Amino acid sequence: MTQLPTSFHVLIAGGGISGLALALFLKKAGISCSIYEAYGYKATIGAGFNIAPNGMNVLDALGLAERVTAAGAVSEELCMRNGKGKVIANLPNGSIEKYGQQGVSLSRAALYDILLQELKEQDLTVHYQKRLCSIRQDETQVTAVFTDGSRVTGDILIGADGVHSTTRQLLFPDAPTPAFTGMKNYGGFAPLSALPEMTTREIGSLNFTFGNDGFFGYCAAGNGMAMWWSNLPSDVPFTKEELDSTTVEEVKALMAARYKDYHAPIPALITHTEKVLKVNVADIASLPSWHKDRVLLIGDAAHAVSPNAGQGASMALEDAMYLGMLLRDAGVGSYAAAFRKFETDRKPRVEKIVAEGRRRGKSKTILRPWQAKIRDWMMAIFIPLFAPKNFDWLYRYKLDWQMKY
């Protein structure tokens with residue numbers, strides 16, 4: 001195959017999951033790159049998530065699946081309950097036999113550490129405190145300008161800088177901006193040693209409780225910890241001041257008051273919480289395009305999906321692998337064709353998942369008792385009927401690094 005010239009250099013704006021994974025795939029493809037992150041490194045950044053089997057297959061292509069599994073907890077089952085703890089519905093969360101990998105739950109910080117360690121082993125460096133403020137392009141190159149006055153030049157620039165992407169704002173100033181979905185998210189971590197009420201089944205599951213006073217999810221997260229998250233409907237998002245002033249005591253008090261009558265181990269999870277966060281749940285409407293000239297958006301910068309879909313990390317990983325393959329296989333000067341194919345092939349899948357995330361969010365509204373009973377009845381009937389097919393569509397997606405795309 002005719003590859004890009006050895007002098008070809010990729011600038012990556014964003015040191016999150018998609019940016020770090022892309023750098024590793026570019027290295028694997030023999031393509032030079034450098035990574036620029038707006039913030040400083042934070043060892044405990046973020047909450048946690050479940051990486052679905054399709055995402056774990058991407059990590060396996062990087063040789064990282066075993067490390068990620070060891071750092072997290074395998075979630076073999078999805079289990080839906082009502083507020084009293086009665087199981088409404090359950091289904092498997094993938095399987096090694098069917099999809100090659102199982103779902104794994106872990107903290108975002110743990111995944112970052114694994115990716116960063118691999119970058120170090122591959123002699124790749126993240127340049128921190130590099131906040132993008134301008135992009136300049138011509139027929140031969142693209143230049144990224146940062147707020148500290150520094151600038152770097154490459155052949156193409158990949159915007160992997162998340163839901164509030166500066167790259168997207170600079171590239172498409174009139175494009176849709178991230179929209180508040182009407183849900184506020186609270187989350188936290190608690191030690192499993194303080195939770196004897198958490199059963200073996202719950203430790204091996206993603207647990208979703210749909211009670212009268214709101215939705216509450218929890219699971220094991222590896223490293224002796226459990227994690228939980230709560231989505232509460234709201235007409236207005238958190239203000240920046242509210243987000244900046246978040247404390248463990250504030251979140252625990254609010255959660256304890258709301259979920260005090262929910263089934264075990266939910267009250268204990270809240271009581272023993274050691275670390276918390278709160279965020280506005282946002283997604284982004286379909287963009288007219290993901291690329292312009294020498295710049296392309298990937299991950300949440302292109303298609304932010306709410307956490308209700310459970311696929312944000314996996315979509316970022318899929319994007320990174322597929323783009324790495326397309327650039328690997330591109331002929332000299334053919335990055336534009338790779339950009340077009342990336343958008344054409346990825347858009348239908350990710351936009352379907354964004355829509356699914358919005359739909360799932362509607363099931364987490366506060367209901368009257370009679371409404372909750374109807375919802376539970378409908379979930380008990382329709383989840384076993386339709387969910388397995390939907391999950392199969394999500395999980396069976398698998399790229400083959402050895403193939404030409």
Side-chain angles (χ1 to χ4, degrees), residues 14-19 37-40 42-51 105-112 160-166 168-169 176-190 206 208 214-219 221 225-256 258-259 269-270 273-285 299-316 353-354 356-358 360-366:
I17 294 170
S18 57
E37 167 58 39
Y39 299 93
K42 296 180 180 178
T44 58
I45 190 169
F49 41 50
N50 179 262
I51 304 176
S105 300
L106 75 168
S107 70
R108 185 180 296 267
L111 178 59
Y112 278 169
D161 45 352
V163 61
H164 300 291
S165 168
T166 299
R168 183 180 63 240
Q169 295 169 20
T177 55
F180 178 54
T181 62
M183 284 285 176
K184 292 177 176 178
N185 179 269
Y186 298 83
F189 291 85
L206 289 174
F208 307 104
F215 167 84
F216 194 97
Y218 60 98
C219 65
M225 301 296 287
M227 64 184 182
W228 61 266
W229 59 99
S230 169
N231 304 131
L232 296 178
S234 175
D235 293 331
V236 294
F238 291 118
T239 64
K240 184 178 184 303
E241 292 72 23
E242 287 173 328
L243 293 173
D244 290 344
S245 63
T246 301
T247 66
V248 173
E249 293 74 19
E250 170 223 349
V251 173
K252 287 174 67 172
L254 177 64
M255 296 292 100
R258 178 170 287 273
Y259 296 112
L269 269 164
I270 296 167
T273 291
E274 297 178 349
K275 183 182 124 182
V276 300
L277 81 158
K278 59 185 184 186
V279 296
N280 294 312
V281 179
D283 61 16
I284 190 165
D300 280 352
H303 49 73
V305 56
S306 83
N308 295 316
Q311 279 284 322
S314 297
M315 289 299 99
I353 291 168
V354 170
E356 175 66 11
R358 282 244 172 180
R360 290 186 188 180
K362 293 178 180 178
S363 68
K364 297 177 179 180
T365 55
I366 308 300

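Given the structure is predicted, the values throughout are model-derived calculations rather than measurements.
- Atom OG1 of residue Thr181 and atom CG of residue Asn231 lie 8.0 Å apart, to the nearest 0.5 angstrom.
- Asp161 and Ala301 make their closest contact through OD1-CB, 3.9 Å (heavy atoms, listed as atom of the first residue, atom of the second, distance).
- A salt bridge (charged side-chain N to carboxylate O under 4.0 Å, His left out) check over residues 243-252, counting only residues at least two apart or in different chains, returns the pairs Lys240-Asp244, Glu250-Lys278.
- One finds the CZ atom of Phe49 at 13.0 Å from the CG atom of Leu206 (value rounded to the nearest 0.5 Å).
- Considering only residues two or more places apart in sequence or on other chains, Asp300 meets the side-chain hydrogen bond (donor to acceptor under 3.5 Å, both in side chains) condition with none of them.
- A side-chain donor-acceptor contact under 3.5 Å links Arg168 to the backbone of Val163.
- Residues passing the side-chain contact (heavy atoms from CB on, under 4.5 Å) test with Glu274, sequence neighbours excluded: Pro191, Met225.
- Using a 4.5 Å heavy-atom cutoff, the side chains of Leu269 and Phe216 are in contact.
- Scanning for side-chain hydrogen bond (donor to acceptor under 3.5 Å, both in side chains) contacts around Thr166 gives an empty result, with sequence neighbours left out.
- Every residue two or more places apart in sequence or in another chain that forms a side-chain contact (heavy atoms from CB on, under 4.5 Å) with Val251 is listed here: Tyr186, Trp228, Thr246, Met255, Val276.
- Pairing each heavy atom of Val236 with each of Ser234, the nearest pair is O-OG, 2.6 Å.
- Note that OG of Ser230 is 8.0 Å distant from CD1 of Ile270, once rounded to the nearest 0.5 Å.
- A heavy-atom distance below 4.5 Å is not found between the side chains of Phe215 and Leu232.
- Judged as a side-chain contact (heavy atoms from CB on, under 4.5 Å), and not counting sequence neighbours, Ser245 has no contacts.
- Here the closest non-hydrogen pair linking Val281 and Phe180 is O-CD1, 3.5 Å.
- To the nearest 0.5 angstrom, Ser107 atom OG is 5.0 Å from Phe189 atom CZ.
- In this structure the side chain of Lys184 never reaches within 4.5 angstrom of the side chain of Pro237, judged on heavy atoms.
- If you take CE on Met227 and CG on Asn50, they are separated by 7.0 Å, rounding to the nearest 0.5 Å.
- Side-chain N or O atoms of Asn185 include none that pairs as donor or acceptor with a backbone N or O of Val279 at under 3.5 Å.
- A search for side-chain contact (heavy atoms from CB on, under 4.5 Å) contacts involving Ala160 returns Ile12, Ser18, Ile298, not counting sequence neighbours.
- When side chains are defined from C-beta on, Pro233 counts as touching Met183, because their heavy atoms get closer than 4.5 Å.
- Ala316 and Ile17 get closest at one heavy-atom pair: CB-CG2, 4.2 Å.
- Applying the side-chain hydrogen bond (donor to acceptor under 3.5 Å, both in side chains) rule to Tyr218 yields the partners Glu202; only residues at least two apart in sequence or on another chain are considered.
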